[in-house]
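Here the structure comes first, spelled out in C-alpha cells, and everything after it is commentary.
The structure presented is a predicted model; accordingly, all values stated were derived computationally and were not measured. Worth knowing before you read on, the calculation uses all heavy atoms, side chains too, and leaves out hydrogens, waters and symmetry mates.
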Amino acid sequence: MWWTRLRALIVKELLAVLRDPKGRAILIGPPLIQLLVFSYAATLEVRNVDVMILNRDSGHWGQELVERIDGSPTFRRIAIAADPQQVRAAIDDQDVIAAVEIGPDFSRGIEAGTPVDLQIILDGRRSNASQIVSGYLTQIAGGLGSETPAGKRSATQSISTIPRNWFNPNLIYQWFMVPNLIASIALLIGLIVTALSIARERELGTFDQLMVSPLRVHEILIGKLLPPMMIGLFHITLYILAALFIFGLPLRGSLFLLYGSGIFYLASVVGIGLFISALSMTQQQAILGAFLFMVPAMLLSGFATPIENMPDWLQPVTLVNPLRYFLIIVKGVFLKDIGLGEVIHLTIPLCLIAAVTLTAAAWLFRSRLE
C-alpha cells in the first residue's frame, strides 16, 4: 500500500510540472540555451582586444615587433599613436586595453646585445584581462628577442622549455567550461523545482489536502524528493549528450561512476531545496531563497576561480557546498578517467550533505505541521 501511495504522489508531482506548458518550456528551453550560450560566452580567455603602439624606434626590430603584434590572432585592432598624450587619452576612454611604447634605442640595443626596455601600459580597471594581455605581449617580445643576433648567440647557454598540456592538449576552453555547466545548471534546475514544490502547494491551497491524505510525512518527503531528482538526471543526460555530440568533449571515464555520484549530488541539492521550500510560504519566497543559496554556491565552488586563491577563513565554508565536489567528478570523468576510489572519496561528502539537509528538511516539515 505504501508504494501505491508513494507512486501516486510521484506521478502527481511530475504531472504538476510537465502539464504546465510554461513549466515544460522553462525546464527544457532555457537550460539548453544557457549551455550553448555560456559555453562560448562565459570564457576567461582574452580575445579580440584593441591595443595601441607608440613606436619611437626607426630601426628594423621596432617595426618587426609592431608587425608581430599586429599578426597575433589575440588582437583585433592595432592603433598607432603619435605621442604619449594620445596613449593617455586611449587608455582613459577605454578605447584600448593596453599600449606598448617602443623606445628610440630599441633596435640599436638589440643589435648591440645590450638589454632593452619595452614599456607596456595597461588598463588596471580590467585587472584580469590586463594581466593576460601583458602575458601575451611579453611572450611576443620574448620570441622576438630570441631571434635577434644576440639572442641566437646566447641560445646555447639558455634553458629551453617545452610545454605539454595534459588532459586538454589544445587548451580548448569548452573542455573546461562545459563540464562546469553540466554540474551548475543541474544545481539550478534541481534547486528551483524542489524549492517550489511545497511552496506551490501552499499557494494553491492543496497543502491541507495533502496533509489529510493517507500519506505519511516521510512518504510526502520522498514523493517530493524523487521527481526533482528524475528531472535532474534527465538534464544531466541531456547535457552529457550535448557535450559529446555538439562540443566534442572526450569521455575518458565511466558514465556509471558519473551517474552514481550524480544521484547523491542531486539528493544533496534536493535536500537543500526541500529545506528552503519548507521555510517558504509563497513561491516568490522559495525562488528568492533558492537564489540566495545558489549564487554563493557558484562563487565558492571553484567554477571560475580556484578555491586555493580564496582567503584561508573562507575556504572551510566551501566544504559544505555540494557543487564543489561534483565539479571535480564531472571534469575528472570527462577529461582524466578518474578511478572508483577517487569518485567514492568525493561522493562521501555529498552523502553527508544529503543526510544533513534531508534530515533538517524533515524536521522543519514536521515542526510546521504541529
What is the ring orientation for Tyr136 with Phe75, classed by angle as parallel under 30°, tilted 30 to 60°, or perpendicular over 60°?
perpendicular
Taking atom CZ as the centre, does Arg68 end up with more than 12 heavy-atom neighbours from other residues, nucleotides or ligands that are less than 6.0 angstrom away?
yes
Residues Ser301 and Arg324: side-chain donor-acceptor under 3.5 angstrom
no
Minimum heavy-atom separation for Leu196 to Ala286, with atom names?
CD2-CB, 4.1 Å
Pairwise distance CD1(Ile329) to CG(Leu257) - rounded to 0.5 angstrom
9.0 Å
Just checking, any donor-acceptor pair under 3.5 angstrom between side chains of Ser107 and Asp57?
yes
Phe303 versus Leu181: any side-chain heavy-atom pair under 4.5 Å?
yes
Roughly how far apart are Thr318 OG1 and Leu300 CG, rounded to 0.5 Å?
7.0 Å
In the single-linkage hydrophobic clustering (I, L, V, M, F, W, Y; side-chain heavy atoms under 4.5 Å), do Ile236 and Phe247 co-cluster?
yes
Verify the cluster assignment for Val178 and Leu241: are they in a single hydrophobic cluster under the rule of side-chain heavy atoms below 4.5 Å apart?
yes
Starting from Ile140, can I reach Ile120 by hopping between I/L/V/M/F/W/Y residues whose side chains sit under 4.5 Å apart?
yes
How close do Asn168 and Asn165 get, heavy atom to heavy atom, and via which atoms?
O-CB, 3.5 Å
Do any pairs count as a salt bridge (charged side-chain N to carboxylate O under 4.0 Å, His left out) and have a residue in residues 327-350, sequence neighbours left out, and if so which ones?
none
Heavy-atom side-chain proximity of Ile102 to Leu65 below 4.5 angstrom
yes
Minimum heavy-atom separation for Ala354 to Phe264, with atom names?
CB-O, 4.4 Å
Rounded to the nearest 0.5 Å, what separation is found between the CD1 atom of Ile246 and the CD atom of Gln174?
12.0 Å
Answer with yes or no whether the hydrophobic clustering places Val317 together with Leu327; edges join I, L, V, M, F, W, Y residues whose side-chain heavy atoms lie under 4.5 Å apart.
no
How many angstroms lie between atom CE of Met177 and atom OG of Ser184, to the nearest 0.5 angstrom?
8.5 Å
CZ-CH2 distance between Phe106 and Trp61, expressed to the nearest 0.5 angstrom
9.0 Å
Student check: side-chain heavy atoms of Phe334 and Leu258 closer than 4.5 Å
yes
What closest approach, in Å, do Ile338 and Ile328 show between heavy atoms, and which atom pair accounts for it?
CD1-O, 4.4 Å
Look up atom CG in Leu251 and atom CG in Leu335, then write down how far apart they are to the nearest 0.5 Å.
9.5 Å
Quick one: are Phe234 and Ile189 in side-chain contact, heavy atoms under 4.5 Å?
no
Ile185 and Tyr239, any side-chain heavy atoms less than 4.5 Å apart:
yes
Give the cluster check for Val116 versus Leu54: same hydrophobic cluster or not, with ILVMFWY residues linked at side-chain heavy-atom distances below 4.5 Å.
no
Contact between Leu266 and Pro228 at the side-chain level, heavy atoms closer than 4.5 Å - yes or no?
no
What pairs meet the side-chain hydrogen bond (donor to acceptor under 3.5 Å, both in side chains) rule with one or both residues in residues 250-263, with sequence neighbours excluded?
Thr237-Tyr259
Between Leu319 and Ile353, what is the shortest heavy-atom contact and its length?
O-CD1, 4.2 Å
Minimal non-hydrogen separation, Met298 against Leu323, with atom names
SD-CD2, 3.9 Å
